[in-house]
Amino acid sequence: MSERRIIPLRPQRPTPPATPQLSAPPPLSLYIHFPWCVRKCPYCDFNSHAVHQDGIPESAYVDALIADLEAALPDVWGRRVLSIFIGGGTPSLISAEGLDRLLTAVRMLLPLDPMAEITLEANPGTVEAARFAGYRAAGVNRLSLGIQSFEDRYLRALGRIHAGAEAHKAAELALTHFESVNFDLMYALPGQSLDHLAADLRTAIALAPQHLSCYHLTLEPNTPFHHSPPAKLPDGDLAADMQQLVETMLAEAGYQHYETSAFAQPGKRCRHNLNYWTFGDYLGIGAGAHSKLSSHTGVVRQMRHKHPGAYLAAHGHGDFVQTEQGIGVADLPFEFMMNGLRLIDGIPTDLMEARTGIALDVIEAKLIAARERGLLEVSGDTLRPTLKGQRFLNDLLEMFLD
Amino acid sequence: MPQGTFFVVNMRHIRNFSIIAHIDHGKSTLADRLIHRCGGLADREMDAQVLDSMDLERERGITIKAQTASLLYTAKDGQVYQFNLIDTPGHVDFSYEVSRSLQACEGALLVVDASQGVEAQTVANCYTAIEQNLEVIPVLNKVDLPAADPERVRAEIEDVIGVDASEATLCSAKTGLGIDDILETVVRRVPPPVGDPAAPLKALIIDSWFDSYVGVVILVRVIDGCIKAKDRMRLMANGAEYPVDQVGVFTPKSLVRETLSAGEVGFVISGIKVISDAKVGDTVTLATRPADKPLPGFKEIKSQVFAGLYPVESNEYEQLRESLEKLQLNDAALRFEPEVSQALGFGFRCGFLGLLHMDIVQERLEREFDIDLITTAPTVVYEVLMKDGSVMKVENPAKLPDPSKMDEIREPIIRATIYLPQEYVGVVITLCTQKRGSQVDMRYHGRQVQLVYDIPMNEVVMDFFDRLKSVSRGYASLDYELHCYQAADLVKLDMLVNGEKVDALSVIVHRANAHYRGRELAAKLRGIIPRQMFDVAVQAAIGSTIVSRENIKALRKNVLAKCYGGDISRKRKLLEKQKAGKRRMKQVGAVEIPQEAFLAVLRTDDSK
């Protein structure tokens, strides 16, 4: 008996080159991860660890970060760094001196753009005026505050260590020390009504930060909330009304909605995050930090040793990278769209080829299908999600998955 | 195949027998014990439960294809006996195959679990054995279990089946207890075959299967005459002739022999290309000296249950066809022909012996051939008497002719025999009545009750098995056979999703239940079809009359709140998972309908 073919031949598609060539390296950002928190919040799926009773090994960690960066220099040789983001965890647990030592080392090792945006994440529960002044002096020019809500009961429900009054105080303090401040806010909180969300938004708007990130509370896998969801979570319809309310109130207050969850005053969009969304490169150092780096051999992702202990130990043997893998040619268009289509204004049609080396016609059929479903708009030299595409971004993105 | 010289014994020393047992009563374990005891396989070859060779069978504990083993046993009288253990399929869907396997035997071991007692399937098969004049030897298995009650079960066998069980052998296939007793009893009580080796060849086809190296292998019991390589054989059902390449026996390893003669069981390999030419129950004879008439009892297998199988991905249609062809190589009962559904696209209407057979085919397609399937609700074959006097068979509810052209619709009725402990009689009778059943007989055998009902098969393919198991807490067992066709007041109930008729969701129901079923189905679909980007209306209709409507409100958003460069792989996985979920859905118009919806029409909720 002859062996029969099981898999039918698929119609021929243009074959992308095995290793796509970029005409120029993408813009480069630096991400620095600080993996400790006073306490881990039940909704958080980031790489964060509660502070050990011996305190944070700050000095050893800064040493490790500097060594990590030195070891990574060949990967980004000669490229200018356009932004730095120090995230966590709770980076505001670090001393101003420690941060100064770190940023000084970064400046010595890498060509940093003089206009570079340097953001630090801060927790309202760990705020002091002197420390903010120290951060500013060390070079931080943008502060991102994890406010989440100004209401005590929601903060308790979220397991946050701060109360509403502290959030308010931290916000005011941040705005006096930094020219650019972001508030992280959450909605669809357990028991939250539209009125309560409106009150939170009014408080935030009255403080007038340059930037607001408003996230729908998401039950991420491997979090306590995912395991046992809190009671009285707003249903899908109420959450959608909340999203609507956020967009309306912030638009009226002069904030531009430029990404799924990000709103900014004119000229105050977060350059660091924009680089992620436009599929730029980033070097991530610190425990569990992720990098995406392009070179003539392709695009790779790296992750540093995830556990702080393992990361500190890596300082001894000098190999900070836990995993590294290339992004296959087949995956690049999807990953590009997954980031780019989050932007409300969309992306230039020539950006995909510039960032991935793959011509847009490779996914033409998918673009046409997305347009036919009313999820995508292609006008002139821009691809952008329609309003429906923004609301159903997952459905739009799925279309780019094979 | 290895050449061998399996000891040829005198006909007086041949014992052909089967094991009749209910699922889980230990048939396979016992068969393994017997094979092992007779040295058929060494320990390391005793891959647990030899006779059940397909993985699926092993998992479900059922035998689909009958297999066989020829064993040599040196009895206490010092003589060497040839035992031919003929395996039988163990499920209600395969009762015809069982009857052919039994026809090849002179005796049968009736194996009953010493704690659970007699089950319907066992009774049905045992009656078949008795009708064919087999010597039935009761064996009480699992006597090592604490719950074993051999005396009660012995009485039950006598009461229900009417077989003398006073000398029933006690055994434990698990521990090996009583195995020698069984073998000696076989020698003593199973009569040797009678047949004339010099007469024209008459061999019964017990089973056939496709082997990728040698083609179709048929398993035969030689009744009269003998067959050897280079003979020219003839199949009496269709007169087709083939040269014989090889004959032999299974020990259970295959062993080539020069001849198979009267009384023996073994395989024949010839030039048969497709399994449907080697029909179970057919008679093999020789072209040079044919028998004057075939053995009695041959039947063409007819599919009783039909369902549409559709690939989820329309480009897997060709792959589905090739996979069905491959399955058909080894499954003569599987029928399929291309079918087009407006809702589901290109697929196949497949005919099965019953629901279990359908389940097995579906699972093998998904597991062995890796095809995602949408299966429509199984349906029975209706006879439609047209106004012009012609009779039409309808295997697909969507194809029911326009009511104005029909005179009457006749539905198949099965005669169901149900065995159950008496405490469940009330609930089971209620269930049968709900399913439009009419009582034929009810008998008490000690604590066991035998109910006989005529029930429309349509109701049985819905969810009768599941309901019967659940109302009787698993104690009821069922056997059935097609009884007759009967006119009934039936209508076609259509389901519409956003105004589009989804032909694959159409069902034929009794008029009295139609409105209720319509409401129930619409409500059920509302629960199953996920919210989409727009409102979806679900309606049930009889002809052009809408009998029920449900509304699925639009989903308002589906977007990940957060996505930073960081760990993009997890977000990616989330989207991949969402997409994989949709892979099992079928796009009908603009609406994505999950697979469960097509089976939802099966489940009723009469208990409310």
Side-chain angles (χ1 to χ4, degrees), chain A residues 1 4-8 10 29 31 33 45-47 85 87 186 213-218 220-221 236-237 239-241 243-244 260-261 272-273 275-277 279-280 282 284 288-292 301 303 331 334-335 338-339 342 373-375 388 390-399 401, chain B residues 210-216 273-274 311 313-326 329 365 368-371 530-534 553-583 585 587 590 592:
Chain A
M1 189 185 75
R4 293 216 199 181
R5 240 181 344 97
I6 295 281
I7 312 287
R10 289 174 191 279
S29 293
Y31 176 77
H33 192 73
D45 71 333
F46 286 108
N47 183 28
F85 196 102
M186 281 193 185
S213 302
C214 296
Y215 301 111
H216 182 171
L217 171 65
T218 308
E220 303 284 358
D237 288 335
D241 288 340
Q243 161 104 20
Q244 194 75 57
T260 306
S261 306
H272 185 86
N273 289 339
N275 193 38
Y276 288 145
W277 295 323
F279 215 57
Y282 46 93
H290 291 254
S291 306
K292 178 223 147 207
R301 289 195 183 283
M303 186 184 78
D331 294 336
F334 167 74
E335 297 210 354
M338 184 170 170
N339 284 285
R342 296 185 70 81
R373 286 178 71 190
L375 298 171
K388 187 172 165 195
Q390 294 165 32
R391 296 273 187 271
F392 295 95
L393 187 58
N394 288 357
D395 298 270
L396 171 56
L397 295 178
E398 259 178 36
M399 299 181 74
L401 274 176
Chain B
F210 189 85
D211 181 285
S212 38
Y213 293 103
V214 300
V216 173
K273 294 287 180 293
V274 285
E313 303 280 354
S314 52
N315 61 5
E316 286 186 343
Y317 174 79
E318 270 310 310
Q319 191 185 341
L320 176 58
R321 176 205 297 282
E322 289 178 10
S323 305
L324 282 167
E325 280 169 358
K326 279 194 178 157
L329 286 178
L365 285 170
E368 295 170 31
F369 299 95
D370 196 26
I371 301 177
R531 294 171 69 180
Q532 321 259 329
M533 288 184 218
F534 38 83
K553 267 176 66 189
L555 185 68
R556 306 253 316 266
K557 64 176 190 142
N558 176 21
V559 51
L560 300 172
K562 231 179 207 185
C563 180
Y564 291 121
D567 193 358
I568 192 177
S569 58
R570 274 191 304 185
K571 302 291 181 200
R572 182 189 173 117
K573 269 184 204 137
L574 227 96
L575 291 173
E576 278 169 347
K577 212 168 140 190
Q578 184 171 322
K579 175 144 183 156
K582 285 191 189 160
R583 237 168 82 80
M585 296 198 206
Q587 188 101 15
E592 272 151 350

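Every chain is numbered from 1 and lettered A, B, ... according to where its sequence line falls, protein lines coming before strand lines.
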What I want to find out is whether Glu576(B) reaches Lys573(B) closely enough, with some N-O distance under 4.0 Å, to be called a salt bridge. no
Shorter than 4.5 Å, heavy atoms on both sides: which option in Thr218(A), Asn47(A), Asp241(A) has the most such pairs with chain B? Asp241(A)
Which atoms of Phe392(A) come close to chain B, meaning under 4.5 Å heavy atom to heavy atom: side chain ones, backbone ones, both, or neither? both
Okay, Gln390(A) and chain B: the region with an atom under 4.5 Å from a heavy atom over there is backbone
For chain B, which of Glu398(A), His33(A), Arg391(A) has the most heavy-atom pairs under 4.5 Å? Glu398(A)
Step by step, would you call Lys292(A) with Glu335(A) a side chain to side chain contact (heavy atoms under 4.5 Å, CB included)? CA-CA 11 Å; Lys292(A) 178 223 147 207; Glu335(A) 297 210 354; over 6 Å; no
Taking every non-hydrogen pair under 4.5 Å, which of Lys553(B), Lys557(B), Gln578(B) racks up the most with chain A? Lys557(B)
Side chain, backbone, both or neither: which part of Leu401(A) has a heavy atom under 4.5 Å from chain B? both
Which one, Arg373(A), His216(A), Arg342(A), His272(A), leads in non-hydrogen pairs under 4.5 Å with chain B? Arg342(A)
Atom group of Phe279(A) that falls short of 4.5 Å from chain B, counting heavy atoms: neither
Using 0.5 Å steps for rounding, measure from the CG atom of Leu575(B) to the CG atom of Asp395(A). 9.5 Å
Given heavy-atom pairs under 4.5 angstrom as the criterion, report whether the side chain, backbone, both or neither of Asn275(A) touches chain B. neither
Side chain to side chain contact (heavy atoms under 4.5 Å, CB included) partner of Asn558(B), chosen from Leu397(A), Leu393(A), Leu396(A), Asn394(A): Asn394(A)
With a 4.5 angstrom heavy-atom cut-off, which part of Lys571(B) approaches chain A: side chain, backbone, both or neither? both
Look up atom CG in Leu560(B) and atom CD in Glu220(A), then write down how far apart they are to the nearest 0.5 Å. 8.0 Å
Using a strict threshold of under 4.0 Å (side-chain N to carboxylate O), is an ion pair present between Arg531(B) and Asp237(A)? yes
Of all heavy-atom pairs between Ser291(A) and Gly284(A), which one has the smallest distance, and what is that distance? OG-N, 2.8 Å
According to the interplanar angle, ranging from 0 to 90°, do the rings of Tyr31(A) and Phe85(A) count as parallel (below 30°), tilted (30 to 60°) or perpendicular (above 60°)? parallel
Can you say whether Asp45(A) sits under 4.5 Å from chain B via the side chain, the backbone, both, or neither, judging by heavy atoms? both
